[in-house]
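The figures that follow rest on heavy atoms only: side chains count, while hydrogens, waters and symmetry mates do not. All of these numbers come straight from a predicted model, not from anything done at the bench.
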Amino acid sequence: MQNVSLAIVLAPLIGAITAGLLGVSRRVAHTVTISAVAISFFLSLYVFYQIIIAGAEPLNISLYTWLEAGGIRFEIGFLVDSLSALMMLVVTFVSLMVHIYTIGYMHDDPGYQRFFSYINLFTFSMLMLVMSNNFVQLFFGWEAVGVVSYLLIGFWFSKETAIYANLKAFLVNRVGDFGFILGIAAVLMAFNSLNYAEVFGLAQSGQYPETISLFTGTEWSMMTVICILLFIGAMGKSAQFPLHVWLPDSMEGPTPISALIHAATMVTAGIFMVARMSPLFELSETALSFVLIIGAITAFFMGLLAIVQNDIKRVVAYSTLSQLGYMTVALGASAYAAGIFHLMTHAFFKALLFLGAGSVILAMHHEQDMRKMGGLKKYLPITYLTILIGSLALIGFPGFSGFFSKDAIIEAAHYAYEAERFGAGFAYYSVLFGVFITALYTFRMFFLTFHGKERMDEHTREHLHESPWVVTGPLIALAIPSLLIGIFTITPLLFGHYFDGAIFVANNPFDPEHYHGVLSFIGHGLLQLPFWLAIAGVGTAYFFYIMRPELPGVIAERSKLIYTILLEKYGFDRFNDWFFAGGVRRIGSGLWQMGDVKVIDGLINGIAHLVGKISSFIRHIQTGFLYHYAFSMILGLAVLLSIFVFGTAQ
């Protein structure tokens, strides 16, 4: 299995190098990169079968030690267990669908080969992250997906908005990554190792310093400090409040990368990391409460922002923020399995919604404003049906994949509330009433796009047609797991032993004795408040945007303060412009004025200018005439003799 794992990682890297550096044609570029991801996907299926079905032992190997200092090894290695096997399948399948979809979406783009190279490199980076068996390699994958996302968000580098968006993403993630690397340093200080197995073993046996003095005269819990610092990294990568501001602007990149970033790769890295670190987080109740509260704020308040968005991709982007909050709440409630379960189901239906939105944008000649759409159902029947499936999965309609994972998270938050975990009450009501918000903004998008009055111009209407098969094919392929995957996976993932050995939980909120099968779970869900809140959200959207479409404008006018706050995104973008992007630019400008202009140009170049002046003067003395040089020598000798004579006389 070692060679198979190596092939899974290296195939996309080889594809990225081929498409990006060898000057191949468009056909060769997409053929090589898609084949590379397909190889990774099918080999991931093989690994999944070997570990989960055939019962093979998890793989934990170190391939190469590239540095050893003070008894600490910095290694490249793989840990392939039930958790990483699931992540490998999700990443490679969604990436494969995005690659195929890209053939149609980016068909006329001059950067075609470059785009395929980037998304292959993105897949390689994410696989390195989820398959790592140590913190160093984890950090490598962590930073690699960040770098490639920077390149992809700013792919259309001639657009000012794209350049601003990738700079914003880069700077905000640097804040999170600073906390993350401090967390890794704290792990090294506490355990004198960066290997997962060694660190987790020492943590569970209590062989680490209990406290750390961050400031003179203070004592902090070592495990709380480690976990909160690591989670700050997750807050940046998985766009949790207040480091969420970069993710909506990442929509400036092409739609395929929006799907890849928001569905199965970069934004889920933080969720995966916390689940992988469960043996550490379970030792700090304070850290878990911190995770719980941050997730709850993100889940509810980011969902509210989606209600006022008019760009179809931004609605889906804010939905991603909210759903990442749900996953984070699950982690804070010690329901790591539910968080990973929702990560998996969300990967399918969110990729479906993004790619479906891209199909709509293609049909509308790259128009993204839903106010200029309407009535697209008859023009885009396949896109309509697949987006309907994705929307029902997102709101957690019974039977669809999102229903199982979302209800599990709400139950886990309720369990933590009853266990009196700090912040769990706020988290429970946030994710509960967030169901209504999710249904409202999701079906607002759906009704504005596909139903009601046609609001596009005549030229667009005349050329409306369904997208080509390279676009609709991946939509259909993603719609199937969006509909069915929850039915087949809830039993092993939540109530079985799937994650045994991969995730550690002190008190599992899911009791197998109270679980009576999928049908019972669905029937129970039909009687619970989340289902009726979802139905109320859909009904509200239908009333406001189909029956009485004039009412939203009236309500916005009468609630101008609230509406403005939501439009301004609670002021975080303005703060970011002033503090992160604006502040860094101001610091850079100050350093330029002080360092370049005054020191380098003023002092160093000034000295060079003075030397030039002296040289210019001396140049006039160098005439090339022998008698001038003889006269200079005699004059110099006379000066020396005078100095000698007067000096001797004294």
Side-chain angles (χ1 to χ4, degrees), residues 1-19 29-54 56 59 78-104 115-132 141 144-145 148 256-257 259-266 268-269 272 340 343-352 354-355 401 469-471 473-482 484-485 488-489:
M1 199 183 299
Q2 174 180 331
N3 293 335
V4 173
S5 299
L6 195 59
I8 291 171
V9 169
L10 292 181
L13 178 61
I14 294 169
I17 293 171
T18 303
H30 71 236
T31 300
V32 170
T33 52
I34 291 173
S35 299
V37 177
I39 289 169
S40 293
F41 170 64
F42 287 113
L43 290 178
S44 296
L45 272 177
Y46 170 77
V47 169
F48 184 86
Y49 172 81
Q50 287 294 320
I51 291 179
I52 307 304
I53 309 299
L59 178 70
F78 294 140
L79 171 59
V80 182
D81 57 8
S82 56
L83 175 58
S84 50
L86 180 65
M87 290 296 298
M88 289 156 61
L89 266 185
V90 172
V91 169
T92 54
F93 177 73
V94 174
S95 180
L96 179 59
M97 295 302 103
V98 169
H99 275 71
I100 296 170
Y101 177 95
T102 299
I103 296 174
F115 189 83
F116 272 100
S117 174
Y118 286 171
I119 56 178
N120 243 217
L121 191 59
F122 203 116
T123 306
F124 158 76
S125 303
M126 192 64 190
L127 287 170
M128 286 290 285
L129 190 156
V130 301
M131 295 172 67
S132 63
V145 292
V148 185
I257 196 53
L260 200 57
I261 289 175
H262 289 233
T265 52
M266 181 171 170
T268 60
F272 163 80
I340 296 298
L343 183 158
M344 178 192 68
T345 60
H346 176 265
F348 296 121
F349 65 70
K350 189 52 61 68
L352 172 59
F354 265 115
L355 299 186
S401 61
W469 71 267
V470 289
V471 173
L475 294 183
I476 295 169
L478 287 164
I480 294 170
S482 297
L484 300 174
I485 195 71
F488 296 106
T489 55

Within the 4.5 Å heavy-atom criterion, are L83 and F272 side-chain neighbours or not? yes
Side-chain touch T268/M87, heavy atoms, less than 4.5 angstrom: yes
At their closest point, which heavy atom of A7 faces which heavy atom of L43, and how far apart are they? CB-CD1, 3.7 Å
Those residues at least two apart in sequence (or on a different chain) that pass side-chain hydrogen bond (donor to acceptor under 3.5 Å, both in side chains) with T102 are none
CG on L352 to CD1 on I476, rounded to 0.5 Å: 10.5 Å
Pairwise distance OH(Y101) to CG(L478) - rounded to 0.5 angstrom: 10.5 Å
Before you tell me yes or no, could you show the steps for I14 and I17 under side-chain contact (heavy atoms from CB on, under 4.5 Å), namely the whole-Å CA-CA distance, both residues' side-chain angles and the distance that decides it to 0.1 Å? CA-CA 5 Å; I14 294 169; I17 293 171; 5.8 Å; no
Close side-chain approach of V148 to F124, heavy-atom, < 4.5 Å: no
What are the two closest heavy atoms between L79 and S132, and how far apart are they? CB-O, 3.6 Å
State, to 0.1 Å, how close M88 and S44 come at their nearest heavy-atom pair, and which atoms those are. CB-OG, 3.8 Å
Report yes if the side chains of T33 and I119 come closer than 4.5 Å at any heavy-atom pair, otherwise no. no
Can you list the residues that meet the side-chain contact (heavy atoms from CB on, under 4.5 Å) rule with A38, with sequence neighbours excluded? F42, L96
List the residues meeting ring pair (Phe, Tyr, Trp, His ring centres under 6.0 Å) with F93, not counting sequence neighbours, and say none if there are none. F41, F348
Can you list everything that forms a side-chain hydrogen bond (donor to acceptor under 3.5 Å, both in side chains) with H99? Sequence neighbours excluded, please. S95, N120
Which heavy-atom pair separates T92 from V37 by the least distance, and what is that distance? O-CG1, 3.6 Å
Can you name the nearest heavy-atom pair linking P12 to V9, along with the distance? CD-O, 3.2 Å
Contacts of S84 meeting side-chain hydrogen bond (donor to acceptor under 3.5 Å, both in side chains) (sequence neighbours excluded), chain-then-number -> D81
With rounding to the nearest 0.5 Å, note down the distance linking OG1 in T489 to CG in L484. 10.5 Å
Looking at A144 and S125, what are the two nearest heavy atoms and their distance? CB-OG, 3.3 Å
For I257 and F115: C-alpha separation, side-chain torsions, deciding distance, then whether side-chain contact (heavy atoms from CB on, under 4.5 Å) applies. CA-CA 9 Å; I257 196 53; F115 189 83; 4.1 Å; yes
Checking S40 now: which residues fulfil side-chain hydrogen bond (donor to acceptor under 3.5 Å, both in side chains) with it, not counting sequence neighbours? none
Got a second to check how far L86's CG is from L343's CG, nearest 0.5 Å? 8.0 Å
Quick one: are L355 and V471 in side-chain contact, heavy atoms under 4.5 Å? no
Verdict with supporting geometry, L6 and F78, side-chain contact (heavy atoms from CB on, under 4.5 Å): CA-CA 9 Å; L6 195 59; F78 294 140; 3.9 Å; yes
When rounded to the nearest 0.5 angstrom, what distance separates CG in L13 from OG1 in T123? 11.0 Å
Side chains of I34 and I103: closer than 4.5 Å at any heavy-atom pair? yes
Once rounded to the nearest 0.5 Å, what's the spacing between atom CE of M126 and atom CG of L121? 14.0 Å
